[in-house]
Each structure stands twice: as structure tokens, then as C-alpha cells.
Protein chains: 2
Amino acid sequence: MVRKTKEEADLTRRQIIDAARRVFLECGVSHTTLEKVAAAAGVTRGAVYWHFRNKTELFFAMREQAILPFIDRVVFDEADEDPLQGIGTALQEIIHILEDQVATRETFEIISFKCEYVRELTPMMYCTDGQLTFLTQLTDAYRRAARKGVLRPGPTPEDLAHDTFLFVGGLIKHWLAGRPDERFRTDAVALIRTHIALRRA
Amino acid sequence: MVRKTKEEADLTRRQIIDAARRVFLECGVSHTTLEKVAAAAGVTRGAVYWHFRNKTELFFAMREQAILPFIDRVVFDEADEDPLQGIGTALQEIIHILEDQVATRETFEIISFKCEYVRELTPMMYCTDGQLTFLTQLTDAYRRAARKGVLRPGPTPEDLAHDTFLFVGGLIKHWLAGRPDERFRTDAVALIRTHIALRRA
DNA sequence: GTTTATACATTCAAGAATGTATGTAAAGGC
DNA sequence: GCCTTTACATACATTCTTGAATGTATAAAC
């Protein structure tokens, strides 16, 4: 076998991750064989085992890549003129990411529907750090909105943040599921607008 | 082997389903072997194959049992004095079912976190008929609430129903996940109350 | 009272899937 | 120009898992 350069090896690694995503999506993580992944990537199992210790490590590598877009695209601007509008924009941005980042969308579909949370994956079943951070940022944004007086009286910023957090969880799930009830995908923008409007004074 | 009576055979069948639920929960559906199920039920694989054609059929049998409590416990009274309150009560009842029907809760945990939606299970990934029915009932209840004038102006009953539907989806998921962020379980009642209060005029 | 169908247990053959061990040829350091 | 390491491919041994085939004793039907 021809030994590859570092750059070529890195390309191989990415191709394996891409192939894994395709196979995970079609077969589910459990029924995905490293043989299938290797075949889909155009390499042998030897290559897969060279880059990743096992299927779990490959899974986490795929997952890490998919989270990246959220880190710099879903932001809450502290200096926002209208924090409530800012929350709406952040939620819309989540949907936009799912729309135009194919790899991220597919990975989320795998995480949501094609993966069993047992043994070493059990911790992923709970709120991940990223989700808890999101909840914190939501709460802070609602607090700013409360201080600006744009919220309808009654519920606390914490209450509102939790309600929005659960809404987003449900929205992502149903957006990903898509067919046969496509309305959650086509109407996502309107649903978010309504959700935000309910909070305004 | 001693041939069992019909009643004994039916008991065996239920014991197999109970055992399956335990094993599914611990190992995930994919990594559940009919051998493991048989051992947990105190029978051999022969018994399992007698009652169920394969693992999928066993899975559906388990699922069917778990849905039953919802059919007669989650209801929307059309003659309700305060339909908005009625919606709140229905949502609370969902949580109550999860709290006191162990088998149902465990089955929902399996469906949500210990199962991969591929091949013959793919349809289950989408909104099930039961969920769509629930959405319809929600919408009708909100329409009644609108007619009674108890809703805050702005969003349509359809908008509100969708928002609530997504909220419930997120709530159930996070309620089931539980640890390490238990708040969604302990505060479920309050979260529902807030959610409903946001809608009142 | 005989027959038949039931409710399982046991055994078997065959096919995955995994991890590891080994082979190998070229890249890259000195 | 040699040596070591890299980046894989190939081969192997082992361990599940499954479905089906077969065995069997009794309950139930007549």
C-alpha cells in the first residue's frame, strides 16, 4: 500500500467521518458496522481502526464537528436594543443552521432518532453542557428583556426561559422528523414568531 | 416440558413483555438479545419465539400496552367551563401518568432514548397518529377557549396549539431524561402552569 | 379414550461483527 | 542513504446472534 502524506491522511479521516454519518443515518448507530463505514468511505476497516479506536470514538468525532456552527452562529447580544427580538433571532438562527448545514442536520437526526443511549452514551441522554449553556443564555436574555420592560407581567425570566427551552427542544425534534407532518418544518419561522409574541407586553 | 393452560400461557406472555421492557431499558433495543429477554423472563428463547415472531413484534406488543393509560386519562372535556384550565389539566395528567405508571414511563424512555428509528421502525419517528390526534384535540380546546374569550388576543388557536404541542414534546423528553438536571421533573407542574398562564387574557 | 394442537425446551447450522495481529510500502527525519 | 514511523490493507480467531428444526409432554377437543 502506498503510504499517504499527512494531508492525504487527514482527508481520509474526514472521508471516514462523512461516510460514518451516511451509514449511521441509514442503518442506525447500533447496526452500523465499521466494515460498512469503511466500504462507504472507500477504504478498509484497517484505515478506520487506524484513525479511531472504535465506533464510539468515531461517533463522538462526528458529533463534535456538527456542534461547531452553533457556537459562533447562535449568539445573544448583551447590548441588544430589544432582547426579546434577539431571542427570536437566535431561535431562527438554529433553524437556519439546520437548513443550510447538511452535515449538522444529519448528525442531529442521528443523535435524535438513530442512536441508543446506553452504556458509554448514557450521559448524552441528559442535558448536555451545550444545552445547559443555552438555557443560561436564554435566562440572561430574558432578564435583560425584563429590565427593559418589554415582557408581559407575570412569569419570571426563569419561567420564560424554561418554556422556550422546552419549545426549542420540541421544535428541533419535529423539524428533524419532517414527514409526514411537514408543517413543523415549513412553519418553523412563524411558530417562533408566535412563541416570542406571546411574551411581549 | 409440561404443557401450560391458556391462563398460564398468557401469564408467560406478559412476563416476557415485562422482561423485554427491562432489558430494552438497560441494553437498548438493538443490543437486546432474545436470549437476554428469555433469561430475564425465566424462560428459553423457544418460549419467546412461540409468542412473538421476532424482536420487532415483541417491541410493538410492549409499546401497545404503554399507550393505553393515555387513551382514557388524557381527555379534553368539550363542556368545560374554562377550556384553558382544561388544557392545563390534560397536560398535568400526562405527567401524572408518567409518574405513577412505571411500565408506561419505562416504555416511553425506551421509545425516546433506547431505540433507533431505521427500517421497519422509521414510521414511528414521525408524528404518530396518537400525537396528531392529541394536536387536533388541543386545537379544538383552544378554539373553545377563544370563543369563551379567555385567551389573550393575537395568536390563533392553531398557533397556540402548535406551541403547546412542541412544549409538551420537549417537556416529556426532558422529564424522562431526568438527571442530572432534575428541574424539569420536579418543576413540571409549575412549568405547565406558566405555559398556560401565558395564554390567558 | 384417543387424537390433535399447544406451549414450550433443546439443539444445530450459519452468518455476522469485533478486535487484534501481521504485512507492507512509502514518507519523513537525521 | 538509512532507519523509523506512518498509514493503511489483509488475515485470523473468537464471540455473539439468529432462525429454524426438532423433541416432548400435556391440555383440550371430540
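A note on names: the letters A, B, ... follow the listed sequences, proteins ahead of strands, and every chain is numbered from 1. Hydrogens, waters and symmetry mates play no part in the numbers below; they use all other heavy atoms, side chains included.
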Original post:
Which of these nucleotides, D/dC8, C/dT18, C/dA9, is closest to any side-chain atom of A/A9?
Top reply: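 For the A/A9 side chain, the nearest candidate turns out to be D/dC8.
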Any [X] side-chain nitrogen or oxygen under 4.0 Å from OP1 or OP2 of [N]:
| X | N | result |
| --- | --- | --- |
| B/K6 | D/dA29 | yes |
| A/W50 | D/dA7 | yes |
| B/H51 | C/dC8 | yes |
| A/T33 | C/dA17 | yes |
| B/Y49 | D/dG19 | yes |

Subject >> Check: B/R45 side chain, D/dG19 base, donor-acceptor under 3.5 Å >> reply: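 Such a pair is found, so the answer is yes.
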For [X] and [N], give me the distance from atom [atom1] to atom [atom2], rounded to whole Å.
| X | N | atom1 | atom2 | answer |
| --- | --- | --- | --- | --- |
| A/I16 | D/dA7 | CD1 | C1' | 10 Å |
| A/L11 | D/dA7 | CG | C1' | 13 Å |
| B/N54 | D/dT17 | CG | C1' | 13 Å |
| B/L34 | D/dG19 | CG | C1' | 10 Å |
| B/K36 | D/dT15 | NZ | C1' | 13 Å |
| B/F52 | C/dA7 | CZ | P | 13 Å |
| B/L58 | D/dG19 | CG | P | 12 Å |
| A/E7 | C/dA27 | CD | P | 12 Å |

**OP:** Compute whether any side-chain donor of one residue and acceptor of the other, for A/T12 and A/H51, lie under 3.5 angstrom apart.
**Re:**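 Looking only at side-chain atoms, A/H51 and A/T12 do not form any donor-acceptor pair under 3.5 Å.
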Using atom types as modelled and distance alone, determine if a side-chain donor or acceptor of [X] lies under 3.5 Å from a backbone N or O of [Y].
| X | Y | answer |
| --- | --- | --- |
| A/R185 | A/L176 | yes |
| B/T89 | B/Q85 | yes |
| A/E8 | A/T5 | yes |

Original post:
So, B/F108 versus B/F70, ring centres under 6.0 angstrom or not?
Top reply: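 Here the rings of B/F70 and B/F108 have centres that are less than 6.0 Å from each other.
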Original post:
DNA chain C: A/E35 or B/T12, which has the more 5' nearest nucleotide?
Top reply: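 It is B/T12 whose nearest nucleotide is closer to the 5' end.
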